[in-house]
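Okay, structure first, notes after.
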Amino acid sequence: MPTPDFIRDLRASIGHELLYLPGVSAVVIDDQDRVLLGRRADNGRWTIICGIPEPGEQSATAVVREVAEETAVRCVPERIVLVRTLAPVTYPNDDKCQFVDICFRCRAVGGEARVNDDESLDVGWFPLDALPEMEDFSLSRIKQALDDGPTWFEPIVGE
């Protein structure tokens with residue numbers, strides 16, 4: 001996944017120190033109740049679509065932009081599925097980041113799914129009963145998006 005310019009600018013000042021960043025992810029469902037997935041260029045794994053908002057960009061706007069940039073699919077956010085702080089990540093270049101993911105359930109409203117940038121090797125629609133192998137990050141968000149329950153967040157401990 002290419003590093004946004006604003007993060008490169010920050011890295012010029014702080015080096016590899018931990019950056020705490022917003023992130024967005026999308027469980028995009030079409031009118032046939034299939035989910036949109038992309039196979040990442042950096043690790044070859046299938047995943048829901050995700051990315052980083054630009055400075056000042058609203059999360060819902062960012063998720064719509066990321067889906068369109070990566071897949072050429074137009075979507076509308078329907079609701080927030082979950083909000084979760086992820087574990088810190090150290091990248092091969094020693095940069096450290098920790099993301100707060102806001103995951104949206106989105107409805108596809110147009111466009112044809114295709115690889116639309118260099119972040120994906122493949123893009124496609126998958127029936128819910130025929131999903132490819134994926135990490136828990138995507139599977140748990142898909143499951144939560146299909147449930148009509150409230151937005152999920154990590155319970156408060158010790159209260």
Side-chain angles (χ1 to χ4, degrees), residues 1-30 35-43 45-125 134-147 149-154:
M1 180 181 314
T3 303
D5 291 338
F6 79 93
I7 293 176
R8 275 196 285 276
D9 293 344
L10 283 170
R11 288 284 179 210
S13 296
I14 68 163
H16 300 296
E17 293 299 316
L18 180 69
L19 277 178
Y20 193 65
L21 296 168
V24 292
S25 58
V27 178
V28 183
I29 308 292
D30 71 0
V35 66
L36 179 65
L37 301 174
R39 193 160 63 91
R40 294 175 58 113
D42 61 352
N43 63 21
R45 294 184 178 139
W46 287 98
T47 184
I48 59 175
I49 308 306
C50 41
I52 301 170
E54 297 292 331
E57 185 177 35
Q58 294 296 322
S59 298
T61 302
V63 82
V64 168
R65 176 184 53 76
E66 287 289 344
V67 170
E69 284 178 0
E70 295 182 24
T71 71
V73 171
R74 293 186 315 278
C75 68
V76 175
E78 295 181 322
R79 70 180 179 91
I80 294 175
V81 171
L82 66 74
V83 177
R84 186 170 202 180
T85 300
L86 306 178
V89 177
T90 300
Y91 292 97
N93 67 354
D94 288 329
D95 284 352
K96 296 169 190 66
C97 292
Q98 187 169 21
F99 295 94
V100 177
D101 179 41
I102 301 173
C103 181
F104 290 83
R105 177 187 166 123
C106 300
R107 176 66 50 190
V109 294
E112 294 292 325
R114 63 180 167 82
V115 173
N116 203 38
D117 64 12
D118 58 359
E119 295 182 38
S120 301
L121 299 172
D122 199 2
V123 168
W125 292 104
M134 289 183 287
E135 294 180 347
D136 187 57
F137 176 91
S138 293
L139 291 172
S140 64
R141 283 155 178 76
I142 292 168
K143 180 180 176 187
Q144 188 72 22
L146 298 174
D147 182 13
T151 300
W152 186 93
F153 55 89
E154 192 75 36

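The residues of the chain are indexed from 1 along the displayed sequence. None of these values were measured; they are calculated from a predicted model.
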Closest heavy-atom pair and its distance - [X], [Y]:
{"X": "Ser59", "Y": "Val24", "result": "O-CG1, 3.7 Å"}
{"X": "Thr90", "Y": "Asp94", "result": "CG2-CA, 4.0 Å"}
{"X": "Ala41", "Y": "Leu121", "result": "CA-CG, 3.7 Å"}
{"X": "Cys97", "Y": "Arg11", "result": "SG-NH2, 3.4 Å"}
{"X": "Phe99", "Y": "Pro22", "result": "CD2-O, 3.8 Å"}
{"X": "Asp117", "Y": "Glu70", "result": "OD2-CG, 3.2 Å"}

Do [X] and [Y] come close enough that some side-chain heavy atom pair is under 4.5 Å?
{"X": "Lys96", "Y": "Leu19", "result": "no"}
{"X": "Met134", "Y": "Ile142", "result": "yes"}
{"X": "Thr85", "Y": "Glu154", "result": "no"}
{"X": "Arg141", "Y": "Arg84", "result": "yes"}
{"X": "Tyr20", "Y": "Leu18", "result": "no"}
{"X": "Leu86", "Y": "Val89", "result": "no"}
{"X": "Thr151", "Y": "Gln144", "result": "no"}
{"X": "Ile29", "Y": "Leu146", "result": "yes"}

Side-chain donor-acceptor pairs of residues 45-54 under 3.5 Å, sequence neighbours excluded:
from  : atom 1 : to     : atom 2 : distance (Å)
Arg45 : NE     : Glu135 : OE2    : 3.4
Arg45 : NH1    : Glu135 : OE2    : 2.4
Thr47 : OG1    : Ser138 : OG     : 2.9

Could you grab the distance from atom [atom1] of [X] to atom [atom2] of [Y], nearest 0.5 Å is fine?
{"X": "Phe104", "Y": "Leu82", "atom1": "CZ", "atom2": "CG", "value": "10.5 Å"}
{"X": "Ser120", "Y": "Glu69", "atom1": "OG", "atom2": "CD", "value": "11.0 Å"}
{"X": "Arg107", "Y": "Asp30", "atom1": "CZ", "atom2": "CG", "value": "7.5 Å"}
{"X": "Ser25", "Y": "Phe137", "atom1": "OG", "atom2": "CZ", "value": "4.5 Å"}

So among Leu36, Leu37, Asn116, which one has a side-chain contact (heavy atoms from CB on, under 4.5 Å) with Thr71? Leu36

Give a yes or no on whether the backbone of Thr3 and the side-chain of Arg8 come within a donor-acceptor separation of less than 3.5 Å. yes

Partner residues of Arg74 under the side chain to side chain donor-acceptor pair (under 3.5 Å) criterion, sequence neighbours left out: none

Would you please test Cys103 and Val27 for side-chain contact (heavy atoms from CB on, under 4.5 Å) and show each step? CA-CA 7 Å; Cys103 181; Val27 178; 4.0 Å; yes

Just checking Phe6: does its CZ atom have more than 12 heavy atoms from other residues, nucleotides or ligands closer to it than 6.0 angstrom? yes

